[in-house]
Amino acid sequence: TVGVMQTPEALHRVAYEAVEDLAEDNVVYAEVRFAPELHIDRGLSLDAVVEAVLDGFADGEKAAASAGRTIAVRCLVTAMRHAARSREIAELAIRFRDRGVVGFDIAGAEAGYPPSRHLDAFEYMRSNNARFTIHAGEAFGLPSIHEALAFCGADRLGHGVRIVDDITVGPDGTATLGRLAALLRDKRIPLELCPSSNVQT
């Protein structure tokens with residue numbers, strides 16, 4: 001993202017156009033995630049980045065409404081798991097929680113960057129009765145999912161598709177869940193699926 005989406009105008013435009021595209025697809029509610037820390041190369045503060053995006057969403061919603069389409073777009077702010085800014089991004093999520101930020105997320109390469117490195121951010125979110133998602137179980141597999149649930153307390157999983165490794169399908173088509181898959185089901189943990197990413201990964 002170096003040199004791209006580094007100004008309030010560019011961020012507003014991308015957010016606005018995202019709402020336009022979603023409304024055109026008849027989406028009525030969306031949670032768009034992005035990593036504010038990737039948009040500060042030209043001196044913007046994290047707060048200024050989020051403000052520009054939320055303003056773009058709001059203006060996009062108004063434009064959609066004037067065209068007869070109702071849509072609400074909210075934001076998940078994401079911390080990059082290979083970096084060390086997750087607590088700072090969690091605090092950002094709480095600062096903007098009443099202005100359109102509905103949660104916190106960590107994303108990026110799973111291997112070598114376990115979610116437990118960011119426990120202080122998750123604890124901060126919990127202490128503020130706020131929600132968070134953890135990207136887990138796309139490229140790395142069951143250990144990543146286990147950590148996200150057992151140690152970090154994820155409300156939702158980004159991807160999570162490798163949970164299939166804990167499901168056995170018998171010759172008659174009957175599925176048997178392993179302990180982790182059963183926990184995922186029993187706790188009703190949603191999977192935020194992105195098949196095109198999963199195939200590429």
Side-chain angles (χ1 to χ4, degrees), residues 22 25-35 71-83 85-94 96-98 100-201:
L22 290 164
D25 287 339
N26 296 311
V27 173
V28 296
Y29 177 78
E31 293 178 2
V32 176
R33 60 166 39 88
F34 81 106
I71 183 171
V73 180
R74 303 295 179 259
C75 183
L76 300 173
V77 291
T78 298
M80 301 309 295
R81 63 200 305 153
H82 63 272
R85 302 190 81 149
S86 55
R87 172 60 185 256
E88 188 179 5
I89 303 301
E91 292 171 357
L92 183 69
I94 297 304
F96 283 89
R97 74 186 311 176
D98 296 320
V101 173
V102 293
F104 167 76
D105 179 31
I106 62 166
E110 292 177 71
Y113 304 102
S116 54
R117 291 178 74 229
H118 305 280
L119 281 176
D120 60 333
F122 304 133
E123 288 168 5
Y124 180 79
M125 293 300 289
R126 274 195 298 271
S127 72
N128 282 279
N129 297 316
R131 300 294 188 176
F132 58 91
T133 291
I134 297 176
H135 277 60
E138 181 184 31
F140 194 63
L142 296 176
S144 181
I145 295 173
H146 172 73
E147 255 193 59
L149 296 179
F151 302 147
C152 304
D155 296 303
R156 303 190 309 206
L157 294 181
H159 304 295
V161 294
R162 296 315 318 161
I163 199 66
V164 300
D165 297 338
D166 198 40
I167 301 172
T168 305
V169 180
D172 62 351
T174 303
T176 303
L177 303 184
R179 293 186 194 280
L180 188 58
L183 177 68
L184 199 70
R185 177 204 58 202
D186 293 347
K187 293 186 81 172
R188 298 292 191 257
I189 302 292
L191 303 181
E192 304 167 341
L193 298 175
C194 183
S196 58
S197 174
N198 302 153
V199 168
Q200 292 169 19
T201 304

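- With D120 contributing its side chain and R87 its backbone, the two residues share no donor-acceptor pair below 3.5 Å.
- Atom-to-atom distance recorded for T133:OG1 and I106:CD1 is 10.0 Å, nearest 0.5 angstrom.
- In this structure, the separation between OG1 on T168 and CG on L177 is 9.0 Å, given to the nearest 0.5 Å.
- Taking CZ of R33 as the start and CZ of F104 as the end, the distance is 11.0 Å to the nearest 0.5 Å.
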Solution key, residues 182-191 side-chain donor-acceptor pairs under 3.5 Å, sequence neighbours excluded:
residue: R188; atom: NH1; partner: R185; partner atom: O; Å: 2.6

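- Using a 4.5 Å heavy-atom threshold, the side chains of V32 and L76 count as separate.
- One finds the CD1 atom of I89 at 9.0 Å from the OG1 atom of T78 (value rounded to the nearest 0.5 Å).
- In this pair, F122 and F132 present their aromatic rings parallel. The plane angle is below 30°, not in the 30 to 60° band.
- Look at R156 and E192 and you find a salt bridge, because one of the NZ, NE, NH1 or NH2 atoms lies within 4.0 Å of a carboxylate O, short of that distance.
- Residues L180 and D166 share a closest heavy-atom pair of N-OD2, 3.0 Å.
- A donor-acceptor pair is defined here as one N or O able to donate and one able to accept, closer than 3.5 Å; no such pair exists between the side chain of H118 and the backbone of S86.
- A136 approaches A148 most closely through the heavy-atom pair CB-CB, 3.9 Å.
- Residues passing the ring-ring contact (aromatic ring centres under 6.0 Å, His included) test with Y124, sequence neighbours excluded: none.
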Going through the checks in order, is the side-chain contact (heavy atoms from CB on, under 4.5 Å) test met by T176 and I167?
CA-CA 6 Å; T176 303; I167 301 172; over 6 Å; no

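- In terms of heavy atoms, S144 sits closest to H135 at OG-O, 4.5 Å.
- A donor-acceptor pair is defined here as one N or O able to donate and one able to accept, closer than 3.5 Å; such a pair exists between the side chain of D172 and the backbone of T174.
- The neighbour count for R131 CZ, taken as heavy atoms of other residues, nucleotides or ligands under 6.0 Å away, does not exceed 12.
- For the side-chain contact (heavy atoms from CB on, under 4.5 Å) test, residues two or more places apart in sequence or in another chain that qualify with V101 are V50, L54, C75, V77, A93, F96.
- At distances below 3.5 Å, at least one donor-acceptor pair connects side-chain atoms of R117 with backbone N or O atoms of R81.
- Note that NE2 of H146 is 10.0 Å distant from SG of C152, once rounded to the nearest 0.5 Å.
- Atom CD1 in I94 sits 9.0 Å away from atom CG in N129 (nearest 0.5 Å).
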